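Owing to the predicted nature of the structure, the values given are computational and were not obtained by experimental measurement.
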Protein chains: 2
Amino acid sequence: MNYSLHAGGKRIRPVLALACAEVLEAETDKVMPFACAIEMIHTYSLIHDDLPCMDNDDLRRGKPTNHKVYGEAIATLAGDGLLNLAFETILKQSQVSPNMTLAALSLIADSAGVEGMIGGQVIDIESEGKTIDAITLMTMHLHKTAALIMASAKVGALLGGGGREDLIVMEEFARYLGIAFQIKDDILDVAGSAENLGKTTGKDNASQKSTFVTIYGLEQSEKMLVDYTNKAVDALSKYGAKAEFLINLSKFLLDRDR
Amino acid sequence: MNYSLHAGGKRIRPVLALACAEVLEAETDKVMPFACAIEMIHTYSLIHDDLPCMDNDDLRRGKPTNHKVYGEAIATLAGDGLLNLAFETILKQSQVSPNMTLAALSLIADSAGVEGMIGGQVIDIESEGKTIDAITLMTMHLHKTAALIMASAKVGALLGGGGREDLIVMEEFARYLGIAFQIKDDILDVAGSAENLGKTTGKDNASQKSTFVTIYGLEQSEKMLVDYTNKAVDALSKYGAKAEFLINLSKFLLDRDR
C-alpha cells in the first residue's frame with residue numbers, strides 16, 4: 001500500500017479538492033483527510049488496473065507495478081486495503097460535522113462505485129478487442145476518469161462551505177478537466193515518451209484499444225483538448241482571480257508531457 | 001456482484017447483526033442496511049480469495065466461483081464494487097442519526113481493513129507453504145474471520161441501543177463464535193463432504209496449509225470447538241432467555257455439516 005501510494009504521481013485529485021476549497025477562501029486543513037482518501041482510491045484503482053488480468057502493465061509512475069514487486073495476491077489485497085483505508089481515514093480523521101462528513105463520504109463513495117469509476121472500468125474491460133463508438137468512449141471516461149475528479153472538486157467545494165451553485169460550477173469545471181485529462185493521456189500514449197511518462201507507451205495501439213486518438217484522430221483530439229480545457233477554465237469565471245491556481249493547473253495539465 | 005451475493009451462503013454475519021439488536025429488544029429495520037453492507041464485504045472477500053492468484057478455488061457455495069463464470073478481470077471488479085457498495089448502501093439507506101451512522105461505519109471499516117480482515121488475509125498469503133505456529137494461526141483467524149463477525153455483533157448491539165457493556169459482551173461472544181466457526185470450517189475441510197459444503201474439500205491439505213486440524217489434531221480441534229462454543233454461549237448469560245436465538249445459532253454452527 002505504501003509502495004504505490006508513495007510512488008509519486010501528479011496528485012491531481014487531492015490537489016483539486018484542496019484548491020476548490022481555497023477558491024472559496026476556506027481553510028484546507030479540514031479537506032486533507034478527504035483529499036488523502038481520494039488519492040488512496042485512485043491509487044487502488046491503478047494497482048488493480050495494472051494486474052495481469054486487467055491491463056497487465058509492468059510500469060507505473062516510473063516504477064515496477066505493484067504486482068511486479070509483491071506478486072498478484074498481495075497487489076490485489078493492497079488495492080482492497082487502500083479502498084478500505086480511504087473510508088477508515090475519513091471516519092477517523094474528519095474534523096467537520098457528522099452531516100458534512102456523511103455528505104462528503106457519499107460524494108466519494110458514489111463516484112468510486114459501479115455508477116462511477118468501477119462502472120467505467122467495466123465498460124473498458126468489456127470493450128477490449130472491440131471498436132467502440134464515441135458515445136461509449138465518452139460514457140466510459142466520464143465514469144472511469146472524470147467521476148472521481150468531479151467528486152474531488154465537489155468535496156473541496158462542499159467542505160469549503162460552498163452552496164449548491166458552487167458545487168454545480170465545480171462539477172462542470174471538473175467534468176471538462178477530467179475529459180481533457182483523458183484526451184491528453186490518449187495523446188501522450190501515441191506521442192509521448194515512456195521515459196517522461198513513467199509507464200509503457202503505445203499500449204493502447206498494441207491492445208487495439210479505442211481512444212480519443214483512434215476515434216477522432218490526433219489533430220481533432222488536440223482541438224478537443226484545447227476546447228475542453230478552455231471550457232473548464234470558463235466555468236470558473238465567477239470566481240475571478242481567486243481561481244488563478246485552478247486555471248494554472250488546467251493549463252499545466254494541457255501542456256504536460258507526462 | 002449479484003451472482004456472488006445471491007449465490008446463497010449461511011448469512012451468519014447479517015443474521016448476527018440483526019439478532020444482536022433483537023437481544024436488546026430493538027427494531028431490526030434500522031440494522032438492515034448495515035447487515036446488508038457486512039454481507040457485501042464478506043462476499044467481496046470471498047470473490048477475491050477465490051481468485052487464481054489467491055486460493056484458486058473453482059467452487060463456492062455450490063456454484064462455480066465468480067471468476068470461473070465472468071473471468072478474472074470482472075471478478076476483481078465485482079469484488080471492488082461490492083466493497084464500495086457496502087459503504088454506498090449504508091450512506092444512502094441509514095435511518096439512524098449521523099453520529100450513530102458514523103460509529104457503525106467505523107466499526108465495519110476498521111474490521112474489514114488492514115487491521116482486520118485484510119490483515120488476516122495477508123498473514124494467510126504470507127504463510128503459504130510454511131508451517132506456522134498456534135500464535136500465528138490464531139492471530140490470522142482473529143483478523144481474517146473473527147474481526148468481521150465481531151463487528152457484525154457490535155454493530156447490532158450499537159444500533160440496538162446497547163451501551164459500552166453490551167458491546168464488550170457481544171464482542172466477547174462473537175470472538176469465541178468466530179474462532180469456533182473457523183475451527184469447524186477446518187474440521188469440515190478434512191471430515192466434511194464437498195456435496196454438502198458446496199466447495200472443494202481437502203484443499204488445506206493439498207495446499208499444505210496450517211489449520212486448527214494440522215496444528216492441534218482432529219480430536220483436540222473438536223474439543224476446542226465445543227469449548228469456544230460454550231464460552232460464546234456463556235458470554236450471553238446476562239441476557240437470559242432473550243439470547244435464545246443467538247444460543248441456538250451458536251449450537252447450529254457447532255453441528256453444521258456445511
Could you look at [X] and say if it's the side chain, the backbone, both or neither that has a heavy atom under 4.5 Å from chain B?
X	answer
A:M117	neither
A:L102	both
A:S106	both

Give a yes or no on whether [X] atom [atom1] has more than 12 heavy-atom contacts from other residues, nucleotides or ligands under 6.0 Å away.
X	atom1	value
B:E27	CD	no
A:K68	NZ	no
A:M32	CE	no

### Query
Roughly how far apart are B:H48 NE2 and A:L77 CG, rounded to 0.5 Å?
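Spacing of NE2 (B:H48) from CG (A:L77) equals 9.0 Å.
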What heavy-atom pair brings [X] and [Y] nearest, and what distance separates the two atoms?
X	Y	answer
B:G113	A:E88	CA-OE2, 3.6 Å
B:C53	A:A73	O-CB, 3.3 Å
B:N99	A:P98	OD1-CG, 3.1 Å
A:N84	B:A109	ND2-O, 2.8 Å

Taking every non-hydrogen pair under 4.5 Å, which of [options] racks up the most with chain B?
options	answer
A:I74, A:I41, A:I90, A:L51	A:I74
A:I118, A:D80, A:L82	A:D80
A:I108, A:L83, A:T101	A:L83

### Message
Once you measure the plane-to-plane angle for B:F87 and A:F87, does it fall in the parallel (<30°), tilted (30-60°) or perpendicular (>60°) bin?
### Response
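Rings of B:F87 and A:F87: parallel, under 30°.
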### Heavy-atom pairs under 4.5 Å with chain A, option from B:K92, B:M1, B:E115 with the top count
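Looking at each of B:K92, B:M1, B:E115 in turn, B:K92 comes out on top.
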